[in-house]
K.L.:
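Next up is a structure, given as structure tokens.
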Amino acid sequence: MAHQSLRFSQGVEAPVAEVFRAFTRATGLREWLCDAALADAHVGGRLYVWWHSGYYATGEFTALEPGEGLSFSWRGKGEPESTEVRVRLEEVDGGTQVALEHAGLGAGPEWQAMREQVANGWRSGLENLASVLETGEDQRAVRRPMLGITVAEFNADVAAKLGVPVTEGCRLDGTIEGMGAQRAGLRKDDVIVALSGKDASTWPAMTNALQGLKAGDTVIVDFYRGKERRSVPMVLSHRPMPEVPATPAALAEAVRKIHEEGNQEIGRCFEGVTEAEASRQPVLGEWSALEVVAHFIAEER
């Protein structure tokens with residue numbers, strides 16, 4: 001069978017050693033490429049990368065040359081056979097030029113989807129590698145789209161009160177200042193049912209409708225305002241990114257202030273509340289206030 005190779009190139013304003021670590025450490029791989037990873041960085045050591053989409057790939061390191069490059073085998077979920085990824089690193093003006101080749105791809109129609117997935121994955125991944133190492137920004141988060149809405153309960157009773165002729169949809173509790181929904185003219189009690197022709201009548205459906213889109217893209221929002229069905233274009237918003245302090249000491253102080261404000265707010269929530277009241281479950285099976293706080297403590301630890 002004839003095989004094909006896909007080749008990619010990316011400049012990164014970071015030392016070669018940092019780029020090499022990003023390819024050979026599990027924490028580094030998670031920062032720019034995948035959602036979970038295992039990496040045993042020696043020749044013959046295993047490699048595993050996984051994404052929330054359910055796709056994963058396994059392999060092993062076949063070459064490791066610090067300062068120059070590396071290679072590893074690659075067998076993705078549902079793929080016909082194993083392939084190989086070769087990475088060459090070249091120092092250029094204090095930065096790194098990355099040349100990546102994904103070799104051994106089949107030429108037949110059964111490989112078509114994989115070839116497209118490989119091409120899209122490495123292009124966006126290498127671009128994100130540069131962003132993470134140069135600015136600290138993970139483009140997967142920065143470009144993740146937001147509508148800028150808060151959602152309220154919606155059922156047949158609420159639909160009847162609002163005069164909406166459907167009983168499934170995402171009812172807006174409000175919009176966030178300056179974000180896409182507000183700019184598009186949406187308001188409280190509008191009921192979204194579709195985004196660019198895709199079902200958005202539940203929160204999971206809306207999430208699915210946003211798959212493959214990024215901040216700055218435009219979608220057509222279909223919604224009900226009372227009994228009237230309307231459609232408006234909406235530009236998806238960027239996620240607000242916090243300003244990260246430049247030094248460890250400044251970062252520690254910023255985190256301390258956030259925790260102090262949070263602790264004060266929790267304290268205000270419990271003012272005048274007895275132990276018995278805080279321990280009571282609102283509904284059988286739901287957490288009490290104390291159980292919620294215990295969850296916060298466990299998560300922080």
Side-chain angles (χ1 to χ4, degrees), residues 30 32-36 50-56 76-78 112-125 127-128 131-132 137-242:
R30 288 195 298 268
W32 66 276
L33 180 63
C34 56
D35 297 308
W50 176 89
W51 285 261
H52 290 308
S53 66
Y55 177 77
Y56 60 83
K77 179 182 179 180
Q112 180 62 33
M114 182 198 174
R115 288 195 299 269
E116 293 176 359
Q117 183 168 290
V118 165
N120 293 332
W122 285 123
R123 285 194 194 100
S124 60
E127 183 181 342
N128 197 37
S131 178
V132 167
E137 291 187 353
D138 185 342
Q139 295 296 324
R140 295 170 296 180
V142 173
R143 294 178 177 176
R144 191 178 302 156
M146 291 187 69
L147 284 77
I149 61 174
T150 55
V151 179
E153 182 181 12
F154 187 64
N155 52 39
D157 291 338
V158 175
K161 290 178 182 177
L162 296 176
V164 176
V166 297
T167 56
E168 287 191 349
C170 288
R171 178 168 73 97
L172 304 193
D173 190 45
T175 60
I176 298 173
E177 181 74 26
M179 301 194 82
Q182 185 195 56
R183 291 176 176 171
L186 294 176
R187 65 193 191 199
K188 180 178 172 63
D189 288 332
D190 286 344
V191 179
I192 296 175
V193 293
L195 295 176
S196 293
K198 296 181 179 180
D199 176 41
S201 60
T202 64
W203 189 253
M206 181 177 288
T207 300
N208 289 336
L210 292 171
Q211 289 293 320
L213 298 174
K214 62 183 182 299
D217 288 345
T218 299
V219 295
I220 302 300
V221 183
D222 291 334
F223 66 99
Y224 283 93
R225 182 168 291 168
K227 65 180 180 180
E228 181 184 1
R229 181 168 176 140
R230 302 186 180 187
S231 296
V232 296
M234 178 198 298
V235 178
L236 298 172
S237 297
H238 289 79
R239 291 178 176 270
M241 299 300 294

K.L.:
Within the structure provided, determine whether Leu33 and Trp122 are in side-chain contact (heavy-atom separation under 4.5 Å).
P.N.:
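They are in side-chain contact.
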
K.L.:
Measuring from Lys161:NZ to Asp189:CG, what's the distance to the nearest 0.5 Å?
P.N.:
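Going from the NZ atom of Lys161 to the CG atom of Asp189 covers 11.0 Å.
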
K.L.:
Give a yes or no answer on whether the side chain of Asp173 reaches the backbone of Thr150 with a donor-acceptor pair at less than 3.5 Å.
P.N.:
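Such a contact is absent between Asp173 side chain and Thr150 backbone.
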
K.L.:
Take Leu236 and Leu210 through the test side-chain contact (heavy atoms from CB on, under 4.5 Å) and record every step on the way to the result.
P.N.:
CA-CA 10 Å; Leu236 298 172; Leu210 292 171; 4.1 Å; yes

K.L.:
Any chance you could measure Met114, atom CE, to Gln117, atom CD, to the nearest 0.5 Å?
P.N.:
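Those atoms lie 8.0 Å apart.
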
K.L.:
How close do Gly226 and Pro165 get, counting heavy atoms only, and between which atoms?
P.N.:
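Heavy-atom minimum between the residues: O-CD, 3.7 Å.
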
K.L.:
To the closest 0.5 Å, what do you measure between CD1 (Ile192) and CG (Leu172)?
P.N.:
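Atom-to-atom, Ile192:CD1 and Leu172:CG are 4.5 Å apart.
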
K.L.:
Between Pro233 and Ala184, what is the shortest heavy-atom contact and its length?
P.N.:
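Looks like O-CB, 3.6 Å.
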
K.L.:
Quick one: does Arg183's side chain have a donor or acceptor within less than 3.5 Å of a partner on Gly178's backbone?
P.N.:
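Yes, Arg183 side chain to Gly178 backbone: donor-acceptor pair under 3.5 Å.
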
K.L.:
After noting the C-alpha distance and the side-chain angles of Arg230 and Asp222, does the key distance pass the salt bridge (charged side-chain N to carboxylate O under 4.0 Å, His left out) rule?
P.N.:
CA-CA 6 Å; Arg230 302 186 180 187; Asp222 291 334; over 6 Å; no

K.L.:
Walk me through it: do Arg171 and Leu162 pass the test side-chain contact (heavy atoms from CB on, under 4.5 Å)?
P.N.:
CA-CA 10 Å; Arg171 178 168 73 97; Leu162 296 176; 3.5 Å; yes

K.L.:
Might you confirm whether atom CZ of Arg187 has over 12 heavy atoms from other residues, nucleotides or ligands at distances under 6.0 Å?
P.N.:
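Check fails, neighbour count at 12 or below.
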
K.L.:
Identify each donor-acceptor pair in which a side-chain atom of residues 138-149 lies under 3.5 Å from a protein atom, sequence neighbours left out, and give them as a table.
P.N.:
from, atom 1, to, atom 2, distance (Å)
Asp138, OD1, Asn128, ND2, 3.0
Asp138, OD1, Arg140, N, 2.9
Asp138, OD1, Arg140, NE, 3.0
Asp138, OD2, Arg140, NE, 3.3
Asp138, OD2, Arg140, NH2, 2.9
Gln139, OE1, Arg143, NE, 2.9
Gln139, NE2, Ser131, OG, 2.8
Arg140, NH1, Cys34, O, 3.0
Arg140, NH2, Arg30, O, 2.7
Arg140, NH2, Glu31, O, 3.2
Arg143, NH1, Glu127, OE2, 3.4
Arg143, NH2, Glu127, OE2, 2.5

K.L.:
If you round to the nearest 0.5 Å, how far is CG of Asn208 from OG1 of Thr202?
P.N.:
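Taking OG1 in Thr202 and CG in Asn208, the distance rounds to 8.0 Å.
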
K.L.:
Let me have the donor-acceptor pairs involving side chains of residues 211-220, under 3.5 Å, with sequence neighbours excluded, atom names and distances please.
P.N.:
from, atom 1, to, atom 2, distance (Å)
Asp217, OD2, Lys214, N, 2.9

K.L.:
Return yes when atom CD of Glu137 has more than 12 non-hydrogen atoms of other residues, nucleotides or ligands closer than 6.0 Å, and no otherwise.
P.N.:
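Yes - once you tally the heavy atoms of other residues, nucleotides and ligands closer than 6.0 Å, there are more than 12.
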
K.L.:
To check you understand the geometry: which heavy-atom pair defines the closest contact between Gly125 and Trp32, and what is its length?
P.N.:
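Answer, listing the atom of Gly125 first, then Trp32: O-CE3, 3.0 Å.
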
K.L.:
Taking the six-membered ring for Trp, are Trp51 and Tyr55 parallel (under 30°), tilted (30 to 60°) or perpendicular (over 60°)?
P.N.:
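The rings of Trp51 and Tyr55 sit tilted, inter-plane angle from 30° to 60°.
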
